[in-house]
Amino acid sequence: MNIKTYNPDEIELKWQKNWADAHAFEAKSDKSKPKFFGLIEFPYPSGAGLHVGHPRSNTAMDIISRKRRLEGYNVLFPMGWDAFGLPTENFAIKNKVHPAKVTKKNVDRFRDQLQRIGFSFDWSREVDTTDPNYFKWTQWIFLQLYKHGMAYKSEMPVNWCPSCKCGLANEEVVAGKCERCGAEVIRRVKSQWMLRITKYAQKLLDGLDDVDFIEKVKTQQRNWIGRSEGAEVDFKIADSDMKLRVYTTRPDTLFGATYMVVAPEHATVDALKDRITNWDDVIAYREAAAKKSDFERTELAKDKTGVELKGIRAINPVNGKDIPIFISDYVLVTYGTGAIMAVPAHDTRDWDFATKFGLPIIEVVAGGEDVQKEAYTDVAEGVLVNSGFLNGLSVAEAKKSITQWLTENGVGEKKVNFKLRDWVFSRQRYWGEPIPLVYCEKCGWVPVPEKDLPVLLPDVDNYEPTDSGESPLSKIDFWVNTTCPCCGGAAKRETDTMPQWAGSSWYFLRYADPHCDTDLARWEELAYWLPVDWYNGGMEHTTLHLLYSRFWNLFLYDIGAIPNKEAYKKRTSHGMILGPDNQKMSKSRGNVINPDETIAEIGADAFRLYEMFMGAFDQAIPWSTEGARGCRRFLERVWRLQEMLVEDEGVRKEMEVPVNAMIKKVSDDIERMKFNTAIAAMMAFVNDIYTSGKVTRGELKALMLCLNPVAPHITEEMWESCGFGEPIYTQSWPTYDENKLVADEVEIAVQIKGKVRARIMVPASLTAADGEKLLENETVKKLVGDAVVRKLIFVPGRLLNIVC
RNA sequence: GCUGAUGUGGUGGAACGGCAGACACCGGGGACUUAAAAUCCCUUGCCGUCAGGCGUGCGGGUUCGAGUCCCGCCAUCAGCACCA
């Protein structure tokens, strides 16, 4: 047989065209088949093009999707573009082009790159968040949120990035810096649209119990939502009718509260202004605290500062003692009630503060060391002391008892708090979805009627951000000025746009029915395709996109807009690909690997193979150009199997175990995302064939089917040139025979007291009870010698351990 | 500080409590070549001439048997970080 040399360029382009012409990977409308919806995060089409990180997640889900198709599923594996966003806008401003043009160019480039890697996306369902037919529904969802009281405008301090000239969500601030540009974030009071995600805190938490997310994703979301159970307690202000309410998770320690602390901005401080004798100090402290950025506030965390509010005292409701009140920025106005009771004996921060200010430390939970030297915070052990009717109780019992007491006496109650904050949803930017509301002097905020959606962006030349913090849209009079849908009078459009997270918060729903113009997607399509069966993506989105989109999905379910409660059934995560120097890839380090160049050198199949073989899928791995070449070498070896092909449709007796073992290993490992060991199993199989000197058609077919999801082009080409029949994408996933996974004879290790002394061949049929028989084996006899066998452990197929 | 993860050859990494280092990369040797590349074969944890010994971050423990389980440390990475 005359075999051509392996030419990936040629065969890869050939098959990519074949698949496209045959619509091979389009999801079928046939709903009688079981469905599989595989999803990966749609990319932001940046000007830089794809990097080698993208294909890791894509290839993994492509492999799973291709396997599912062979297993008989109706598969939806879509791709789209999360195309609104700052870099495009900045590039457009700098180069004086419209962001829509930049987006189109970038999208085309991304699409070409993805197609060149041979992903089996259903391109007929491509979505683009900047397409008016798409963002019409993003705006529609916003209106539903608004109508259900889930969107509100609020005058509040926001995280402001002075470089992007834009407000940021809490989730977008990393260590006090802007997630995108790295500039120091400052606080700025602005009127912003907010989404009431806090109302869904409990549902977002509960939903995690019903889904199959990898544990670290669940943990991170739980921590971010930050539920805590405790109580609110009222402390009377002495000689007045006023009360100061605190939140505590340790109501059991109420007898140990020796002072109170309120956040500097707390309203009660102003209400008591006339009675505070050191008001100047209070003002000075407040101003100093306000000037600190969030970053400084955390940096100085260990060093507690504060000012006592002189002239006023609070009364501890449980024992009537009067105690001093301080302001300090270690208490946050945004959490709980913005005020705390301080129990220095059992809280580290209170202890630090009390020590610095010479305040009394009273032990109320016994069991620790000296509380004058260190706070005792253990809640599991420890017994209440110095606490009146709580004495002798455990912490858990005391919590229950005191909470009941507080409720009965009308001075407090049980309370659940969350760390989760509402979502700042306004951006003062041009390249985003306009918020579909107008402001009318007479009617207030009025939603744009749904029939008038989408609200399009005005087509103008100038959309630079303003220094005043207003959106660039605010300068475009013809767009801003409109009529009130309610009274018909003059009104102005909202000029803020939505954050980039808006479009990505529901895109998975759109894939079910991407061309629908009557709904965000038709009910029956959603009912069939959703939820997403398997969603793979980056850990960096755990508390951003993944949480936001779960929130939108839960909300849409609650208002009856969609049939599914949780968005994603299963979530997994891939590790990052690092540069060859083991550092995060970045332009400035100069360690970025370009996928186009790699594919030009070794081909898309080898590229895909290496992306999956390089290491454990969920761990960060440095790129190795040599390793990638090794994968090309493997494919060359596979290609040359054609020269060794013999006319035999079956599997040779001696190859039965290798073939069945490979099929089992590959089948199982793909499901566990252990792609590296699945590939290793195929390599081992190819090595076995080379050792045997030839390959039958039956053996080669098995290999082609197993390898196809990872290296689809070369396998289709070989399948065709060997005359194996219709293309692989129309075939079925191979099955294995349980009875043919082990040979008749197996090698086991012989150990004496746990140390390996020899290896012998024994029949595979031996069971654990047959250990005695092995003492008759010549090798074993020699090892044991005259010694008395005291114990014998035989693990069939593995080892014989003799204790003597 | 809290939460989670990780620690195995020169490198990436394999190992249901059962033969540590599968599968690769790099390196070494050989074959084929006028030569090189490609390819094929052998070799490749460390120490030792052999016998053998030592080896999975460190120290203990459980077990016939521990990379794996338990206790106590150390280091690295990621996320959160004054959340009462």
Side-chain angles (χ1 to χ4, degrees), chain A residues 5 174-175 214-224 226-228 230 246-251 253 257 261 263 294 297-304 328-332 334-343 346-350 352-353 417-421 539-540 542-543 575-576 580 582 609-610 613-616 618-631 633-634 636-637 640 674 676-687 690-691 747-759 790-804:
Chain A
T5 52
V174 176
I214 48 170
E215 218 36 54
K216 63 177 169 179
V217 168
K218 285 192 183 185
T219 312
Q220 253 185 52
Q221 286 208 350
R222 286 193 184 112
N223 289 346
W224 188 261
R227 183 184 199 274
S228 70
V246 303
Y247 172 69
T248 176
T249 55
R250 293 295 302 276
T253 61
V261 187
D294 279 352
R297 232 172 126 139
T298 52
E299 276 301 282
L300 299 168
K302 296 292 162 274
D303 194 21
K304 300 277 183 293
S328 170
D329 61 3
Y330 85 89
V331 173
L332 309 175
T334 48
Y335 184 76
T337 62
I340 62 155
M341 64 177 211
V343 185
H346 306 290
D347 181 284
T348 313
R349 295 150 305 179
D350 296 345
D352 290 344
F353 190 89
N417 257 322
F418 296 95
K419 288 188 200 171
L420 188 68
R421 298 277 77 99
M539 279 308 288
E540 70 274 18
T542 303
T543 54
M576 213 187 327
N582 226 328
L609 192 72
Y610 179 61
F613 182 63
M614 60 195 297
D618 56 356
Q619 268 159 40
I621 301 288
W623 183 269
S624 153
T625 307
E626 282 76 28
R629 286 199 197 105
C631 285
R633 207 169 308 161
F634 169 68
E636 299 272 5
R637 255 165 96 75
R640 285 195 309 272
K674 298 268 183 188
N676 52 339
T677 51
I679 292 164
M682 292 187 271
M683 288 174 167
F685 178 73
V686 171
N687 289 345
Y690 267 80
T691 307
E747 189 188 65
I748 64 162
V750 182
Q751 297 183 333
I752 304 293
K753 284 197 267 191
K755 293 230 180 271
V756 180
R757 295 294 169 188
R759 299 171 215 284
R790 286 191 295 165
K791 195 166 177 183
L792 199 68
I793 296 111
F794 175 50
V795 184
R798 300 226 176 251
L799 55 73
L800 176 73
N801 188 9
I802 300 161
V803 186
C804 52

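From a predicted model like this one, the values you see are computed outputs, not experimental measurements. Only this structure's heavy atoms are used, side chains among them; waters, hydrogens and symmetry mates stay out. Letters A, B, ... mirror the listed sequences (proteins, then strands); counts begin at 1.
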Hey, is the side chain of A:R798 poking within less than 4.0 Å of OP1 or OP2 on B:G65, counting only N and O atoms?
no
Looking at B:G18, B:A84, B:G13, which one has an atom nearest to any side-chain atom of A:T248?
B:A84
Is any side-chain N or O of A:N801 closer than 4.0 Å to OP1 or OP2 of B:U63?
no
Of the candidate nucleotides B:A84, B:G18, B:U39, which contains the atom at the shortest distance from the side chain of A:D347?
B:A84
Please measure how far the C1' atom in B:C73 lies from the corresponding atom in B:C54, and state the result in whole Å.
24 Å
Of the options B:G18, B:C25, B:A84, whose atoms approach the side-chain atoms of A:Q751 most closely?
B:G18
Expressed as a whole number of Å, how far does the P atom of B:G10 sit from that of B:A22?
14 Å
Considering only B:C23, B:A84, B:G4, which nucleotide approaches the side chain of A:Y247 most closely?
B:A84
Which base sits across from B:G12 as a Watson-Crick or G-U pair, both distances under 3.5 Å?
B:C23
What's the closest nucleotide to the side chain of A:K755 if the choices are B:G13, B:G18, B:C54?
B:C54
If you measure from the C1' atom in B:A15 to the same atom in B:A24, how many Å do you get, rounded?
16 Å
In the strands shown, is B:U34 matched to any nucleotide by a Watson-Crick or G-U wobble pair with both distances under 3.5 Å, and which?
none
Side chain of A:I340: nearest nucleotide among B:G12, B:A84, B:U6?
B:A84
Please tell me if A:K791 has a side-chain N or O lying less than 4.0 Å from either OP1 or OP2 of B:C64.
yes
Relative to each other, are the rings of A:Y330 and A:F353 parallel, tilted or perpendicular (30° and 60° limits)?
tilted
Please determine, for the side chain of A:F613, which listed nucleotide (B:C41, B:C23, B:U3) has the closest atom?
B:C23
Check whether any side-chain N or O of A:T677 sits under 4.0 Å from OP1 or OP2 of B:A22, and answer yes or no.
no
Checking contacts here: which listed nucleotide (B:C64, B:U39, B:G79) is nearest the side-chain heavy atoms of A:V803?
B:C64
Could you check which nucleotide pairs with B:C64 in any of the strands shown, counting Watson-Crick or G-U wobble with both distances under 3.5 Å?
B:G18
The glycosidic conformation of B:G30, counting syn as within 90° of 0 and anti otherwise, is anti
A:Y335 vs B:A84: side-chain N/O to OP1/OP2 distance below 4.0 Å:
yes
What nucleotide, of B:U6, B:G53, B:U39, holds the atom closest to the side chain of A:R633?
B:U39
So does A:R222 get a side-chain nitrogen or oxygen closer than 4.0 Å to the phosphate oxygens (OP1/OP2) of B:C2?
no
Mate of B:C46 across any strand shown (Watson-Crick or G-U wobble, both atom pairs under 3.5 Å) is B:G53
Does A:N223 have a side-chain nitrogen or oxygen under 4.0 Å from the phosphate oxygens OP1 or OP2 of B:G4?
no
With distance as the sole criterion, do the side chain of A:K304 and the base of B:C82 form a donor-acceptor contact below 3.5 Å?
yes
Taking pairing as Watson-Crick or G-U wobble with both contacts under 3.5 Å, can you name the mate of B:A78, or confirm there isn't one?
B:U3
A:A616 side chain, from C-beta outward: closest of B:G12, B:A14, B:G79
B:A14
